Amino acid sequence: MLWSYEQYCVRLWKHTGAWREQVGAPNRTLVPSDEVTIDYRHGLPMITLTLPTRSERCQFTIKPMVTTVEAFLQDVQREDKGVERAEVFATDGCKVCGATSMEVLLRNDFTLVINNIAYCVSPPLKDKLSSEHATEMEDIKSLVHRLYVALHLEDHQVRKERELLWKLDHLKEELLPLEQMKARIAVNANAKTTRLLWVGLALMSTQGGALAWLTWWVYSWDIMEPVTYFITYGSAMAFYAYFILTKQDYIYSDARDRQFLHYFYRKCKKQHFNVERYNQLKENIAEAEESLRRLRQALQLRLPVQEIKDKD
C-alpha cells in the first residue's frame, strides 16, 4: 500500500507520540518539509519559514552556540503576534526543552509546531570540523581575546581605580567618627594605666621606708629578717598566681599593656563603642589600599587586571 507524503507524515506523527497532548485536536495541519528550510550562510544557520498569520516567508539567523530553542521560539512569536503556541518536538515525540542550544537541535531532525501547523524539519548535514581546523579556531579565539584585553585594558583599569578610590573614601568616612571615639577612649585608658603604675611605685616606696624604719629605729634586724622573708615569699606567690591566671610571665611592659586593654575595653562597653565594626573597617581599608597599590603597579607595568585578581 502506497501513501502520499501528507499521509505518511500524519502516520509518523501519530506513531512517534507527539499527539499525546493533542489527542482532542484533530484539526492540526501537517505541511511538507520544504516549508521550513535551513541554509548555512557565512557559517551560521538561517531558518526560513512561513509566518502563519501574515503568510510571509521570514528568515531567522541563528547563533548555534548562543541561541537556545526558547529564544528562537520567542523570536518567531515576536515576529508574528498571531503565534499563540510554538513548540519543538524530537523525532521520538518528546518535547525539546527550551534551554537546549540550537547547535544540539540542528544535529538531528525535529518537528516545529506553530499554532496548529506542524513542520517536519530536516537540517542539512554539516561537515564536522577537523581537529586541525578546531585547533586553528581555538588559536583565533585566543588571539581575539588578547586583542580585546589589550584594547580595553586601560579603560578597565582606570574604572577599577576609580571604584577603589570611591570605596576607600566611603570606608574612611565611616571610620572617622570611630577613630575619634577610639582616640578619646585610648587617652582615658592610658591615663588610668599610668596612674596605676605611679600608685604601685608609691606603695613600694612606702613599704621600703616602713621596713627601714622598723629595722633601725623600732626593732632590730634579727626581728625584721623573718618579716622581710615572708614579704618576699608572698610577692613570689603573687607573681606565680599572675602566671596561672594570665598564662604569661610577669613582665612590666606586658603587664602594662594588659592593664591598658582592660581599661580600654571597659570604657568601650560604657560608651557603646563597636570594636568589631572598627576592626572590620580597618581590614577593609587595608585590603582596598593593597588592591589599589597593586592596580597602580599594573598600570605602570602594563599588566592585565586578570593577573591581579588571580593573585588576590
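No hydrogens, no waters, no symmetry mates; every other heavy atom, side chains included, goes into these values. Please read these numbers as outputs of a predicted model, since none were measured by experiment.
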Is it the case that one hydrophobic cluster holds both [X] and [Y], taking links as side-chain heavy atoms less than 4.5 Å apart, direct or via other members?
X: L176; Y: L168; result: no
X: W217; Y: Y219; result: yes
X: I231; Y: I223; result: yes
X: W213; Y: W216; result: yes
X: V88; Y: M46; result: no

Identify the two heavy atoms, one from [X] and one from [Y], that lie closest to each other, and give their separation to 0.1 Å.
X: E103; Y: R107; result: O-CG, 3.2 Å
X: E79; Y: C58; result: CG-SG, 3.7 Å
X: W221; Y: T215; result: CE3-CG2, 3.8 Å
X: K247; Y: I244; result: NZ-O, 2.9 Å

Tested for side chain to side chain contact (heavy atoms under 4.5 Å, CB included) against L112, the lone hit among L73, V96, L105, V76 is L73
Apply side-chain contact (heavy atoms from CB on, under 4.5 Å) to T111 and T91, showing your working. CA-CA 7 Å; T111 302; T91 55; over 6 Å; no
How is the hydrophobic cluster of Y229 composed, in terms of its other members, when Ile, Leu, Val, Met, Phe, Trp and Tyr link through side-chain heavy atoms under 4.5 Å apart, directly or indirectly? F230
Got a sec, which hydrophobics cluster with L203, joining ILVMFWY side chains under 4.5 Å apart, including via others? V199
Under a 4.5 Å cut-off applied to non-hydrogen side-chain atoms, are [X] and [Y] in contact?
X: L49; Y: F60; answer: yes
X: E173; Y: D169; answer: no
X: R57; Y: T37; answer: yes
X: K167; Y: L171; answer: yes
X: D109; Y: P123; answer: yes
X: I114; Y: R85; answer: no
X: I117; Y: T50; answer: no
X: L292; Y: E289; answer: no

If you round to the nearest 0.5 Å, how far is [atom2] of [Y] from [atom1] of [X]?
X: L106; Y: S122; atom1: CG; atom2: OG; answer: 11.5 Å
X: N115; Y: D80; atom1: CG; atom2: CG; answer: 8.0 Å
X: S291; Y: E163; atom1: OG; atom2: CD; answer: 11.5 Å
X: T232; Y: M237; atom1: OG1; atom2: CE; answer: 13.0 Å
X: T228; Y: Y233; atom1: OG1; atom2: OH; answer: 15.0 Å
X: L201; Y: L196; atom1: CG; atom2: CG; answer: 11.5 Å

D249 side chain to I251 backbone, donor-acceptor under 3.5 Å: no
Check for a donor-acceptor pair, side chain of D39 on one end and backbone N or O of T48 on the other, with a separation under 3.5 Å. no
Would you say the side-chain atoms of N284 and Q280 include a donor-acceptor pair closer than 3.5 Å? yes
Working note: V69 + M102, criterion side-chain contact (heavy atoms from CB on, under 4.5 Å); need CA distance, chi angles, decisive distance, verdict. CA-CA 6 Å; V69 173; M102 291 298 294; 4.0 Å; yes
Counting only heavy atoms not in [X] (residues, nucleotides, ligands), do more than 12 fall under 6.0 Å from its [atom1]?
X: W198; atom1: CH2; result: no
X: E84; atom1: CD; result: no
X: R78; atom1: CZ; result: yes

Taking K172 first and then E179, would you say they form a salt bridge - that is, a charged N and a carboxylate O separated by under 4.0 Å? no
Please list, one pair per line, the donor and acceptor atoms closer than 3.5 Å that link side chains of residues 254-272 to other protein atoms, with sequence neighbours excluded.
unit_1: R256; atom_1: NH2; unit_2: N190; atom_2: OD1; d: 2.5
unit_1: Q259; atom_1: NE2; unit_2: Y263; atom_2: OH; d: 3.4

